[in-house]
Enquirer: 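Pasting a structure here, questions to come.
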Amino acid sequence: MFRSKRQRKPQDELEAPEALRDQLAALYGGKVEVPPEVDRAILTAARAHIRSLRRAERRWPRLVLRWVPAGAAAAVAAIMVLLFLVPALQPARERAEHAAAPKLAPVREDIDESGEVDILDAFALARRIESNNELRDDWDMNGDGTVNGADVDQVALAAVNLERSTLQ
Amino acid sequence: MKAVHALLAVGLLLAMNAYPQQAERVRFEAVDIVLDSGDLPLAAYQFEFAAETGQITIVGIEGGDHAAFKEPPYYDPAALRNNKVIIAAFSTAKDLPSGRTRVARIHVQVAGDVEPEYAVVLKVAASPDGERIPATATALRGENR
């Protein structure tokens with residue numbers, strides 16, 4: 001039967017020499033005497049340390065009560081600053097586009113350039129067509145190459161679009 | 001089993017009694033829109049019409065009395081089956097109305113028992129040269145027409 005060379009029997013365990021064992025026993029086996037004054041000093045220091053820890057624990061709630069409102073106020077102030085700063089940091093072009101968007105939408109049908117599309121725009125276009133006045137290419141609303149009654153209808157329908165309604 | 005049958009019968013009776021109360025009363029009426037431009041000839045107008053109270057559905061729109069506005073006016077087709085509409089028309093004819101004139105008639109379906117009250121807001125009235133003129137708009141219904 002195969003047996004590893006590294007396997008040992010209990011009786012093969014190493015033992016320290018007897019002289020060494022005696023010396024170690026003399027060194028660590030004796031009773032250590034602590035002088036009473038050293039004992040009291042350690043005890044006093046330990047009590048002082050525990051008292052300081054308790055004082056610190058009692059001080060914490062007062063510190064929290066003192067600083068939490070200030071911290072909350074600082075947080076609110078930071079949020080307010082962010083709210084005002086973020087729009088201010090928005091690119092000027094983007095803000096201009098947002099501001100101008102409602103005004104830009106109806107330009108094409110605003111024949112009389114009054115700033116809003118209503119039946120007067122269709123009426124103005126119809127009168128120009130009837131009187132053979134000069135017609136602009138951009139009045140060709142349906143893109144059929146001519147400015148005629150169909151374009152007038154398109155302007156009029158834009159004027160009555162329900163999305164322009166102000167009534168609820 | 002008899003109890004179940006009795007419950008079913010009671011439920012059926014309750015449902016049959018409740019049905020006439022749930023059915024909405026529906027009727028139709030015509031509302032005339034009258035514009036008054038005083039002494040000035042009326043060549044164009046635009047107004048908004050809606051019901052402030054009551055449950056209405058616009059079902060049809062026709063033109064006015066005068067030849068210049070006899071044709072149906074412009075309106076958004078989406079206004080039909082809705083409860084509000086923007087109505088507009090113009091005329092390049094020589095003969096134009098002045099004073100009080102009916103420019104449109106709006107047919108509405110009224111549902112429920114709440115009597116509708118109509119609002120008309122005149123957005124613009126214009127003379128033959130396209131200039132804005134003062135005018136008033138009124139919605140007339142039933143015996144007031």
Side-chain angles (χ1 to χ4, degrees), chain A residues 99-168, chain B residues 33 35 41-54 56 58 61 68-69 71-94 96 103-104 106 116-133 135 137 139:
Chain A
K103 290 179 183 171
L104 289 175
V107 163
R108 197 151 176 259
E109 291 91 359
D110 186 11
I111 305 295
D112 62 6
E113 297 176 346
S114 64
E116 59 182 344
V117 176
D118 55 27
I119 196 65
L120 296 188
D121 295 298
F123 188 34
L125 186 56
R127 286 191 298 122
R128 279 179 173 271
I129 292 169
E130 281 204 354
S131 60
N132 292 318
N133 275 353
E134 188 183 345
L135 299 172
R136 282 168 29 186
D137 291 341
D138 61 335
W139 290 342
D140 179 15
M141 300 293 162
N142 57 7
D144 65 354
T146 57
V147 179
N148 54 23
D151 302 304
V152 173
D153 288 344
Q154 200 152 325
V155 174
L157 286 173
V160 297
N161 191 309
L162 262 189
E163 289 176 10
R164 298 179 195 277
S165 173
T166 55
L167 292 176
Q168 294 302 309
Chain B
I33 307 299
L35 259 62
L42 180 71
Y45 68 84
Q46 179 171 327
F47 64 84
E48 291 189 40
F49 170 88
E52 288 183 322
T53 60
I56 71 151
I58 296 166
I61 295 167
F69 295 108
E71 292 297 310
Y74 290 103
Y75 60 91
D76 189 338
L80 298 179
R81 298 180 306 280
N82 207 320
N83 64 352
K84 62 184 175 182
V85 63
I86 302 174
I87 292 177
F90 67 83
S91 173
T92 54
K94 299 284 182 207
L96 293 168
V103 293
I106 304 167
E117 288 180 22
Y118 299 108
V120 185
V121 177
L122 184 64
K123 287 292 178 185
V124 64
S127 64
D129 57 0
E131 292 297 317
R132 289 171 183 262
I133 58 171

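Each chain gets a letter, A, B and so on, in the order the sequences are listed, and its residues count up from 1. All of these numbers come straight from a predicted model, not from anything done at the bench. Only heavy atoms go into these numbers, but all of them, side chains included; no hydrogens, no water, no symmetry mates.
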Enquirer: For chain B, which of A:L157, A:D118, A:D112 has the most heavy-atom pairs under 4.5 Å?
Expert: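 That would be A:D118.
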Enquirer: Look at the side chain of A:R127 and the backbone N and O of B:D129, then say whether any donor-acceptor pair between them is shorter than 3.5 Å.
Expert: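 Checking the backbone N and O of B:D129 against the side chain of A:R127, a donor-acceptor pair under 3.5 Å is found.
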Enquirer: As an exercise, state the distance from CG of A:L120 to CZ of B:F90, rounded to the nearest 0.5 Å.
Expert: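 So the gap between those two atoms works out to 10.5 Å.
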Enquirer: Measure A:A159 against the heavy atoms of chain B and call it side chain, backbone, both or neither at under 4.5 Å.
Expert: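 It is both, since atoms from each part get that close.
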Enquirer: Answer yes or no: does atom CG of A:D144 have more than 12 heavy-atom neighbours from other residues, nucleotides or ligands under 6.0 Å?
Expert: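 Yes, enclosed.
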Enquirer: Quick one: closest heavy-atom pair of A:I119 and B:Y45, and the distance?
Expert: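 Closest approach of A:I119 to B:Y45, heavy atoms only: CG2-O, 3.4 Å.
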Enquirer: So for A:A122, is it side chain, backbone, both, or neither that comes closer than 4.5 Å to the heavy atoms of chain B?
Expert: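 Both parts, backbone and side chain.
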Enquirer: To check you understand the geometry: which heavy-atom pair defines the closest contact between B:T92 and A:A126, and what is its length?
Expert: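 Nearest pair, atom of B:T92 first, then A:A126: CG2-CB, 4.4 Å.
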Enquirer: Heavy atoms only: give me the nearest B:S91-A:F123 pair and the separation to one decimal.
Expert: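 For B:S91 and A:F123, the tightest heavy-atom pair comes out as O-CE1, 3.5 Å.
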Enquirer: Taking all atoms of both residues into account, what is the closest heavy-atom pair of B:N82 and A:L162, and its distance?
Expert: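 Minimum heavy-atom contact is ND2-CD1, 3.3 Å.
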Enquirer: Quick check for you: among B:A78, B:A88, B:A126, B:P73, which has the greatest number of heavy-atom pairs under 4.5 Å with chain A?
Expert: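 Most pairs with chain A among the choices: B:A88.
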